[in-house]
Peer 1: 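I'd like to ask you about the structure that follows.
Labels below follow one simple rule: chain letters A, B, ... track the order of the sequence lines, proteins then strands, and each chain is numbered from 1.
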Number of protein chains: 2
Amino acid sequence: MSRNKVNYALIDDASQRKVSSNKRLKGLLKKSDELKTLCDVEVATVIYDPYKNEPYTFPNNDIVRNTFIKFKELPTLERSKNMVTREEFTMQRIKMLEEQLQKVRKENRVKEMTNEMYEVFKRKNVSADMNPSDLNDLVV
Amino acid sequence: MSRNKVNYALIDDASQRKVSSNKRLKGLLKKSDELKTLCDVEVATVIYDPYKNEPYTFPNNDIVRNTFIKFKELPTLERSKNMVTREEFTMQRIKMLEEQLQKVRKENRVKEMTNEMYEVFKRKNVSADMNPSDLNDLVV
DNA sequence: GGCTCTATGTATAATTA
DNA sequence: TTAATTATACATAGAGC
């Protein structure tokens, strides 16, 4: 069993090529979805299998259409200098919001831990005189 | 060293997200190229990184344009209503971030309250039988 | 930030049912 | 031919520079 290195060339055997194509298409869509979800990147893909009339799209037909419209508009957007300035401004705003979000989430995690301690504390009905530093031992 | 499983969710840390994005983008382009070359499949992709004006394309701008036009002209596909321009997309992104921030801040307040309860609890050594749902009443 | 390295998770070619 | 299985190539998170 077990695989060889991939030879970077068209797979000669048509049925084997189809099998590989199906597997790789599936893999590509998964990777696209991960890029989109983990990294907040907009991905739009159209894939034509030579044996099919209708293409596969990622993430779906409508979004691909929207992205393509944006793509077409690009040269128009690049015209103006003000546009760039404004866009930079907007990007700064996004960045700032993300930083805030990250900070608040971090605080959140700390509080989450303290709440867990509270639950443990309550459940076990332990003495309130317990040294808070002892709680550290309970952290999973 | 060595890696953990990928958590299927947005990577919180912006700079870490960027690193992952770059690696995964590279990987995705390679997979796209392999699908095309090994399996004779037509692939056209547009990728918008939120911090860049210009999208990445695979295999290149012209071919993407042609493939997308072919896709657009398919008679069976109905026209989309929700067409979004690049700018509207960016604004949506800001809105989403603001909503998230607000949500996390709200959660934060709840946890803040619980923490305060914990402190009171500890100080006064009150009964551990108090119902946690009572805390809800305290939320602003 | 970007680059290299490498351990480990993941994709998939080969094989079997 | 499609569906599972498994061994191995490949992608990439984490670490160090």
Side-chain angles (χ1 to χ4, degrees), chain A residues 1-59 84 87-103 105-106 109 140, chain B residues 1-59:
Chain A
M1 198 193 272
S2 112
R3 57 185 293 190
N4 299 329
K5 282 190 181 187
V6 292
N7 179 17
Y8 185 71
L10 182 73
I11 296 167
D12 283 339
D13 180 52
S15 65
Q16 198 184 322
R17 189 166 67 235
K18 195 75 191 66
V19 170
S20 181
S21 176
N22 286 148
K23 287 182 181 179
R24 283 173 173 275
L25 176 67
K26 186 164 161 280
L28 191 70
L29 295 178
K30 188 176 178 199
K31 290 288 184 188
S32 302
D33 186 45
E34 285 178 352
L35 180 61
K36 176 186 152 168
T37 303
L38 306 186
C39 307
D40 189 31
V41 166
E42 185 183 356
V43 182
T45 307
V46 174
I47 297 170
Y48 280 96
D49 180 318
Y51 297 110
K52 293 209 173 183
N53 294 332
E54 301 253 343
Y56 298 92
T57 53
F58 178 86
V84 176
E87 188 154 333
E88 277 169 0
F89 169 75
T90 309
M91 290 310 164
Q92 270 188 352
R93 190 155 148 65
I94 286 183
K95 203 168 182 180
M96 187 199 62
L97 277 167
E98 282 183 332
E99 281 167 3
Q100 280 186 292
L101 188 59
Q102 205 193 333
K103 197 179 145 211
R105 276 186 168 141
K106 202 170 179 180
R109 280 198 292 278
V140 181
Chain B
M1 198 192 277
S2 111
R3 57 185 291 189
N4 298 328
K5 282 190 180 186
V6 292
N7 178 20
Y8 184 73
L10 181 73
I11 296 167
D12 281 341
D13 181 53
S15 65
Q16 199 184 320
R17 188 166 68 238
K18 195 74 190 64
V19 170
S20 182
S21 176
N22 286 148
K23 287 182 179 178
R24 284 172 173 275
L25 175 67
K26 185 164 160 280
L28 191 71
L29 294 177
K30 188 177 178 196
K31 289 288 183 190
S32 301
D33 187 45
E34 285 178 352
L35 180 60
K36 177 188 153 172
T37 304
L38 306 184
C39 307
D40 188 32
V41 167
E42 184 182 347
V43 182
T45 307
V46 173
I47 297 171
Y48 280 96
D49 178 318
Y51 294 113
K52 292 213 173 182
N53 298 334
E54 305 223 10
Y56 298 92
T57 53
F58 177 85

Peer 1: Hey, does A/P59 have a side-chain heavy atom less than 4.5 Å from the side chain of A/D33?
Peer 2: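 A side-chain contact is absent here, since even the closest heavy-atom pair is not under 4.5 Å.
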Peer 1: It should be established whether A/N4 places a side-chain nitrogen or oxygen under 4.0 Å from OP1 or OP2 of nucleotide C/dA14.
Peer 2: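 Yes, such a contact exists.
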Peer 1: Nearest 0.5 Å, what's the CZ-OG1 distance between B/F58 and B/T45?
Peer 2: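 Reported to 0.5 Å precision, the distance equals 7.0 Å.
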Peer 1: Grab the CG-C1' distance between B/L29 and D/dA11 for me, whole Å please.
Peer 2: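 Spelled out: CG on B/L29 to C1' on D/dA11 is 14 Å.
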Peer 1: Tell me the interatomic distance from A/K18, atom NZ, to C/dA13, atom P, rounded to whole angstroms.
Peer 2: 13 Å
Peer 1: Take the protein atom CZ of A/R3 and the nucleotide atom P of C/dT15, then report the distance between them rounded to whole Å.
Peer 2: 13 Å
Peer 1: From C-beta outward on A/K5, which listed nucleotide comes closest to its side chain: C/dA13, D/dC10, C/dT10?
Peer 2: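 Closest nucleotide among those given: D/dC10.
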Peer 1: Between A/Q16 and B/V19, just flag the one whose closest nucleotide in DNA chain C comes earlier from the 5' side.
Peer 2: B/V19
Peer 1: Taking side chain as C-beta onward, heavy atoms only, is A/L25 less than 4.5 Å from A/D49?
Peer 2: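 Of all side-chain heavy-atom pairs linking A/D49 with A/L25, none is under 4.5 Å.
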Peer 1: Atom CG of A/N22 and atom C1' of C/dA11: how far apart are they, to the nearest Å?
Peer 2: 15 Å
Peer 1: D/dC10 C1' sits how many Å from B/D33 CG, rounded?
Peer 2: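 Interatomic distance, CG of B/D33 to C1' of D/dC10: 15 Å.
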Peer 1: Output the rounded distance in Å from CG (B/L38) to P (C/dA14).
Peer 2: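 Rounded to the whole Å, the gap is 11 Å.
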Peer 1: Please check the phosphate of C/dA13 (OP1 and OP2 only) for any side-chain N or O of A/R24 closer than 4.0 Å.
Peer 2: yes
Peer 1: Report the distance from atom CG of B/N7 to atom P of C/dT8, rounded to the nearest whole Å.
Peer 2: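 My rounded result for the distance is 20 Å.
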Peer 1: Quick one: does A/S20's side chain have a donor or acceptor within less than 3.5 Å of a partner on A/Q16's backbone?
Peer 2: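 Such a contact is absent between A/S20 side chain and A/Q16 backbone.
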Peer 1: Within this structure, what is the SG-CD1 distance for the pair A/C39 and B/I11, rounded to the nearest 0.5 Å?
Peer 2: 4.5 Å
Peer 1: Give a yes/no on whether any side-chain N or O of B/K31 is located under 4.0 angstrom from OP1 or OP2 of C/dT12.
Peer 2: yes
Peer 1: Take B/S15 and B/K23, find for each the nucleotide of DNA chain C with the closest heavy atom, and name the residue whose nucleotide sits nearer the 5' end.
Peer 2: B/S15
Peer 1: Look at B/S20 and D/dT12 and indicate whether a side-chain polar atom (N or O) is within less than 4.0 Å of OP1 or OP2.
Peer 2: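 For D/dT12, neither OP1 nor OP2 has a side-chain N or O of B/S20 closer than 4.0 Å.
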Peer 1: Just how far, in rounded Å, is P of D/dA3 from NZ of A/K26?
Peer 2: 11 Å
Peer 1: Would one find a side-chain N or O of B/K30 under 4.0 angstrom from OP1 or OP2 of D/dA11?
Peer 2: yes
